[in-house]
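A short worksheet on the structure shown next.
Start at 1 with the first residue, then count along the sequence.
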Amino acid sequence: VQLQASGGGLVQAGGSLRLSCAASGRTFSSYAMGWFRQAPGKGREFVAVFGWSAGSTRYADSVKGRFTISRDTAKNMVYLQMNSLKPEDTAVYYCAAGKVVATTTAPYDYWGQGTLVTVSS
């Protein structure tokens with residue numbers, strides 16, 4: 001599976017962005033898809049994951065109620081809709097694919113290249 005993240009940019013606090021992750025490979029539907037982020041000087045942290053149904057989504061407490069993860073299996077796409085953005089959301093955002101629904105980085109087998117989100121105050 002190859003992953004390509006896009007959609008990052010500069011936005012003011014309170015604004016919205018939608019990140020996209022395009023996946024290649026015929027086995028896309030068998031993977032859980034996650035979003036992680038890494039702020040300057042910090043480790044990579046979990047943001048959200050979508051398993052194999054809407055009931056298998058998980059969110060970090062810091063983004064719950066503001067971010068929504070979704071996937072379109074027919075298009076091999078995963079999205080992260082980010083609303084009410086805050087300066088502390090500034091980071092490089094990565095999409096990842098793994099065989100389990102996980103909130104840590106280790107179980108994910110494939111990673112995209114990252115897309116930068118900058119939220120100005």
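When all heavy atoms of F46 and T103 are compared, the pair lying nearest together is CB-O, 3.1 Å. Considering all non-hydrogen atoms of both residues, V78 and F28 come closest at CG2-CZ, 3.7 Å. Of all non-hydrogen atoms in V101 and G51, the two that sit nearest each other are CG2-CA, 3.7 Å. Heavy atoms only, all atoms of each residue included: R71 and A32 are closest at NH1-CA, 4.1 Å. Looking at every heavy atom in both residues, S56 comes nearest to W52 through OG-N, 3.0 Å. Taking both residues in full, the closest heavy atoms of A97 and M33 are given as CB-SD, 3.6 Å, listed atom of the first, atom of the second, then distance.
Rounding to the nearest 0.5 angstrom, the gap separating the OH atom in Y79 from the SG atom in C95 is 12.0 Å. Note: M82 CE to R37 CZ = 9.0 Å, rounded to the nearest 0.5 Å.
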Check against side chain to side chain contact (heavy atoms under 4.5 Å, CB included), Y59 and T57: CA-CA 7 Å; Y59 294 93; T57 57; 4.0 Å; yes
Side chain to side chain donor-acceptor pair (under 3.5 Å) assessment of S30 paired with K99: CA-CA 7 Å; S30 68; K99 286 294 190 177; 3.1 Å; yes
Side chain to side chain contact (heavy atoms under 4.5 Å, CB included) evaluation trace for W111 with L3: CA-CA 6 Å; W111 292 84; L3 305 174; 5.6 Å; no
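Between the side chain of T115 and the backbone N or O of G8 there is at least one donor-acceptor pair closer than 3.5 Å. S121 contributes no side-chain N or O that, together with a main-chain N or O of P87, makes up a donor-acceptor pair within less than 3.5 Å. In terms of modelled atom types and a separation under 3.5 Å, the side chain of R58 and the main chain of A48 share no donor-acceptor contact.
Residues W35 and V49 have side chains not in contact (no heavy-atom distance under 4.5 Å, counting atoms from C-beta outward).
Within a 6.0 Å radius of CD in E88, other residues, nucleotides and ligands contribute more than 12 heavy atoms.
With respect to K86 and D89, no salt bridge is recorded, no charged nitrogen being found less than 4.0 Å from a carboxylate O.
Cation-pi geometry between R44 and Y94 is met: the NZ or CZ atom falls under 6.0 Å from the ring centre, inside 45° of the normal.
Applying the side-chain contact (heavy atoms from CB on, under 4.5 Å) criterion to Q113, with sequence neighbours excluded, gives Q4, A5. In this structure K42 satisfies the side-chain contact (heavy atoms from CB on, under 4.5 Å) test together with A39, sequence neighbours excluded.
By the 30° and 60° cut-offs, the orientation of the rings of F36 relative to Y108 is perpendicular.
For Y31 and Y110, the ring centers sit closer than 6.0 Å to each other.
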Report, one line per pair, each donor and acceptor closer than 3.5 Å where one atom sits in a side chain of residues 10-22; sequence neighbours left out.
residue: S16; atom: OG; partner: N83; partner atom: OD1; Å: 2.9

